[in-house]
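Notes to accompany the following structure.
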Amino acid sequence: MNTEIDRKIAVIFATDVVGYSKHMEANESETVNNLRACEKLLRAIFDKHKGRLFNTGGDSFLAEFPSAVSAVECAVEFQEAIKERNASDETIVKLEFRIGINSGDVIKEKDNLLGDGVNIAARLEALAQPNGITISKVIYDFVKGKTQFEFNDIGFQKIKQNEFHAFDLLVFPEQKRTLKQKSNSILVFAISFIGILVIAILGYFNFYGTGNKNLEQNPIIISDKPSIFITNFKNITGDPANNYLGDGITSNIIATLNKSERFEVPPSSTVKYIQKNELDYKEVKEKYGIEFIVTGNIQGNPNKLRVTAEMVDIVENIVIWSEIYDFKKADDIFEIQDAISLSILKASRIKIDFAPAEPVSKNAEVYKMHLRAGALFSQNTPDSNKAAQELFEAALSVEPQNHRILNDLAWIYWQKIYMGISKNRNEDIKNGLKYANASLLYSPNFVGALSASASLEMFAGNYEKSCKINKTLTDLVESIADRALAAAGQHFCGNLENAITNYEYVLKKAPHFSSWVKYLYGYALTEHQAYDKALDFFETELQKKHSWSGTEQTLYILSAFIKIKQGKEKEAYVLFEKQRELDGKGKTAKRIKGELFGLRNKTFLTELLNTLAPLGLPDN
């Protein structure tokens, strides 16, 4: 067997169509015809500049060039040709492209090229503006004295594990922009459990309710990338003890697919909403921009289990992949999870350049306890917290150095404090930090334990230490849940502008996300004195029915606060009384303090409570 890896330095050109799926939804046939015409044009320009097309994903293209200058000249010529083509009245669907160019070490795999040199070109393409070209510094250094093009330095960018210095090539004058360094764009205050544990950790916020029950009137298009909806694999064995298998398969698939950047997997809140409301494929496609749906089930008996799975292209309304997997022992489930994930990637024509997600444990019993405990944790009750703790501790007794299970226990103590069921707050903070620090001994950069540590330090009143930890978490994780927690971390540490930006991102991408995002976003807007924007948001949200009335109460209270600040006391009284009517008693100062437990600067909280007191806000 030949294990030698063929490496070389290459100039990589990456391009992709902007908003391809939206064009397909609007006019499928004309989009395909216009893409074919653009591809023909691109191939001709590649040939002219001696570029070699080595990979294509339908609306995306990767090419290799003999020099940086030839790649840049090709990119400019192509963008100018596309602009001229789109200016014609005969062009019905006017496609736009982004281009990224990089030079670096690549691996030659037959006719294909792999490695960081290719990955960074793809990252640069994603950074580029519509009709734009973004290049790495190494390309800039090659071409700056050999071409007459104008360039704009957009600074260092960090996306996932790739960090690079980027420049925009200004094909057109209006393309000059200022792009903040991504490494400073968000403070990720989050947990990186796989699949169901991501949902479980978010459970401590779901204690105060999950998202609204009504669909918004405007379409919610998650991304212009293809989107894959993973339904929960059903347990039809007749034995409830096998439920964990379905949870495990589903969570592993989601975790693996989330590692690809060529499409998006809808957040769990959207998945739950779609399944609960039994939306048909047409609604799912039109409302959420989803193109593929994966379904599956588990059947059989204790001696032999079978997993069936299929993937439907709902744009074409055809089954594009289906498979049956048989297994006899629990350990086989790990191989089956990976096989299903990779089959989905291949069926959706996604380039695979990463490893499947690692489960919490390869020990089937530990994995089983972990999943069950996570589900209990998400129920947010004193009994479920206790039961989850017992399972996590049992799992830890089998694998005492498992950093993820140590982290689970840190969050158990966090939840005790947050839910107000702690019998000894200081002792629980101490125990939680003990487990978080133990987790970090085995995995120093584990986001889950860093997040737990920051949260517990915040409970202890060590805000400076907590916010310092938050700053180390930037760009380590990238899910919707992580972005939501990033916003909360920024909010509580006083970085309101970035917090508001991230709250808005979450609400746009995951409109059915847990209600805590909505009321904390309301608090952030109000504290930032963005009163008009806040009132518009409150008016929209108060037309909906939320699963927890406390969300609506908070929005009414904040509306009343703003009205007083605007000198409209009568309107404030009306709004304040409306929140009382929802449950017959209304919010208390204690409840508001609980919602804003983590605020480093208490000035706004004090002002809020003092302003609401004359309206009749009780202390307890």
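Under the rule for a salt bridge (charged side-chain N to carboxylate O under 4.0 Å, His left out), the partners of E577 that lie at least two apart in sequence or sit in another chain are R580. Residues forming a salt bridge (charged side-chain N to carboxylate O under 4.0 Å, His left out) with K430 (at least two apart in sequence, or on another chain): none. Contacts of E607 classified as salt bridge (charged side-chain N to carboxylate O under 4.0 Å, His left out), with partners at least two apart in sequence or in another chain: K565. Looking at residues two or more places apart in sequence or on another chain, you find a side-chain contact (heavy atoms from CB on, under 4.5 Å) between Q529 and Y531. The side-chain hydrogen bond (donor to acceptor under 3.5 Å, both in side chains) test applied to T603 returns N601, not counting sequence neighbours. For K578, there are no salt bridge (charged side-chain N to carboxylate O under 4.0 Å, His left out) partners two or more places apart in sequence or in a different chain.
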task: For L608 and L558, run side chain to side chain contact (heavy atoms under 4.5 Å, CB included): C-alpha distance rounded to whole Å, both residues' side-chain angles, the deciding distance at 0.1 Å, then the answer.
output: CA-CA 8 Å; L608 178 65; L558 291 174; 4.1 Å; yes
- request: Evaluate the side chain to side chain contact (heavy atoms under 4.5 Å, CB included) criterion for residues L525 and F538: first the C-alpha distance (whole Å), next the side-chain angles of each, then the deciding distance (0.1 Å), finally the verdict.
  value: CA-CA 11 Å; L525 287 175; F538 300 158; 5.6 Å; no
Working for side chain to side chain contact (heavy atoms under 4.5 Å, CB included), residues V366 and L396: CA-CA 8 Å; V366 171; L396 189 66; over 6 Å; no
message: Test side chain to side chain donor-acceptor pair (under 3.5 Å) on Q490 and N495; report intermediate values, then the result.
response: CA-CA 5 Å; Q490 291 167 327; N495 190 347; 5.7 Å; no
message: Let's go through M458 and R600 carefully: what are the C-alpha distance in whole Å and the side-chain angles of both, what is the deciding distance for side chain to side chain contact (heavy atoms under 4.5 Å, CB included) to 0.1 Å, and is it a yes or a no?
response: CA-CA 8 Å; M458 191 173 286; R600 182 178 186 177; over 6 Å; no
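Between Y523 and the choices L599, L605, I592, the side-chain contact (heavy atoms from CB on, under 4.5 Å) rule is met once, by I592.
Side-chain contact between H491 and L496 is present, with heavy atoms from C-beta onward closer than 4.5 Å. For the pair T501/E497, no side-chain contact is recorded, criterion being any heavy-atom separation below 4.5 Å from C-beta on. Under the 4.5 Å side-chain criterion, counting only non-hydrogen atoms from C-beta, Y521 is in contact with E504. A 4.5 Å side-chain heavy-atom check between K137 and D153 finds every atom pair outside the cut-off.
Under the 3.5 Å distance criterion, the side-chain polar atoms of Q579 are left unmatched by any main-chain donor or acceptor of G586.
Annotation: the span from W414 atom CH2 to L456 atom CG amounts to 8.5 Å, rounded to 0.5 Å. In this structure, the separation between CZ on F459 and CG on L433 is 11.0 Å, given to the nearest 0.5 Å. Expressed to the nearest 0.5 Å, how far CD1 of I557 lies from CD1 of I562 amounts to 12.5 Å. Of the inter-residue distances, the one linking S384 atom OG with Q389 atom CD reads 11.5 Å to the nearest 0.5 angstrom. For the atom pair CD of E552 and CD of Q543, the computed distance is 11.5 Å after rounding to the nearest 0.5 Å.
Contact detail for Y503 and A524: the closest heavy-atom pair is CE1-CB, 4.0 Å. Residue I469 comes nearest to L450 through the heavy atom pair CG2-O, 3.4 Å, listed as atom of the first residue, atom of the second, then distance. The two atoms that bring I154 and F167 nearest to each other are CG1-N, 4.2 Å, heavy atoms only. Residues L575 and S559 approach most closely at CD1-CB, 3.7 Å, considering heavy atoms. When all heavy atoms of A449 and S439 are compared, the closest pair comes out as CB-OG, 3.5 Å. In plain terms, the two heavy atoms of A388 and A373 that are nearest each other are CB-O, 3.5 Å.
Using a 3.5 Å distance cut-off with no hydrogens or angles, the side chains of S136 and N102 do pair a donor with an acceptor.
In D532, the CG atom is not crowded: 12 or fewer heavy atoms of neighbouring residues, nucleotides or ligands sit closer than 6.0 Å. A 6.0 Å sphere centred on NZ of K602 holds more than 12 heavy atoms belonging to other residues, nucleotides or ligands.
Between F446 and H403, the ring planes lie perpendicular to each other; the angle is over 60°, past the 30° to 60° tilted range.
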